[in-house]
Amino acid sequence: MKNAPTSITSKSGRVFLLNSEEEDARIREGIAADPDTHELTDEELSKLRPLTRLPGRPKSDATKQPVSIRLSPEVVEYFKAEGPGWQTRIDAVLREYVASR
């Protein structure tokens with residue numbers, strides 16, 4: 001491929017550098033040497049489809065209402081110190097309180 005472009009520019013103006021033939025050859029050698037992977041065939045590439053939606057956690061049956069609340073720093077620090085899910089734990093404590101009334 002003589003005179004192959006060394007870069008391409010996107011519509012937004014971002015420049016992407018392309019691999020040289022030598023770099024492509026080294027990449028293909030690495031793929032061939034790795035028993036856990038292979039280059040996709042044209043048939044495999046034709047079966048690929050874009051994601052219709054982003055993966056994520058499933059929707060909850062009981063949706064929560066977003067609110068803004070002011071809490072003392074000690075309360076926030078306590079719940080955050082236990083790691084991710086601190087807002088859910090605060091919600092659980094408040095639900096217990098409501099249920100006991």
Where at least one partner belongs to residues 9-18, residue pairs that pass side-chain hydrogen bond (donor to acceptor under 3.5 Å, both in side chains), sequence neighbours excluded: Ser10-Ser12
Each residue besides Ile8 in its hydrophobic cluster should be listed here, by chain and number; the cluster joins Ile, Leu, Val, Met, Phe, Trp and Tyr at side-chain heavy-atom distances under 4.5 Å. Phe16, Leu18
By salt bridge (charged side-chain N to carboxylate O under 4.0 Å, His left out) - contacts of Lys59 (at least two apart): none
Using the rule that two of Ile, Leu, Val, Met, Phe, Trp, Tyr join whenever any of their side-chain heavy atoms come within less than 4.5 Å, decide whether Ile69 and Tyr78 are in one cluster. yes
Heavy-atom pair of closest approach, residues Phe79 and Trp86: O-CB, 3.2 Å
Please determine, by modelled atom types, if Glu22 and Ser20 share a side-chain donor-acceptor pair under 3.5 angstrom. yes
With sequence neighbours left out, which residue pairs that include part of residues 77-89 fulfil the salt bridge (charged side-chain N to carboxylate O under 4.0 Å, His left out) condition? Glu82-Arg89
Output all residues satisfying side chain to side chain contact (heavy atoms under 4.5 Å, CB included) with Thr63, sequence neighbours left out; order by chain, then residue number. none
Would you be so kind as to tabulate the donor-acceptor pairs closer than 3.5 Å made by side chains of residues 26-40, with sequence neighbours excluded?
unit_1, atom_1, unit_2, atom_2, d
Asp34, OD1, Asp36, N, 2.9
His38, NE2, Glu44, OE1, 3.3
His38, NE2, Glu44, OE2, 3.2

By side chain to side chain contact (heavy atoms under 4.5 Å, CB included), which residues pair with Thr88, not counting sequence neighbours? Lys64
Under 3.5 Å, side-chain donor or acceptor atoms of residues 91-101 against the rest of the protein: list the pairs with distances, not counting sequence neighbours.
unit_1, atom_1, unit_2, atom_2, d
Tyr97, OH, Arg101, NE, 3.2
Tyr97, OH, Arg101, NH2, 3.0
Ser100, OG, Tyr97, O, 2.8

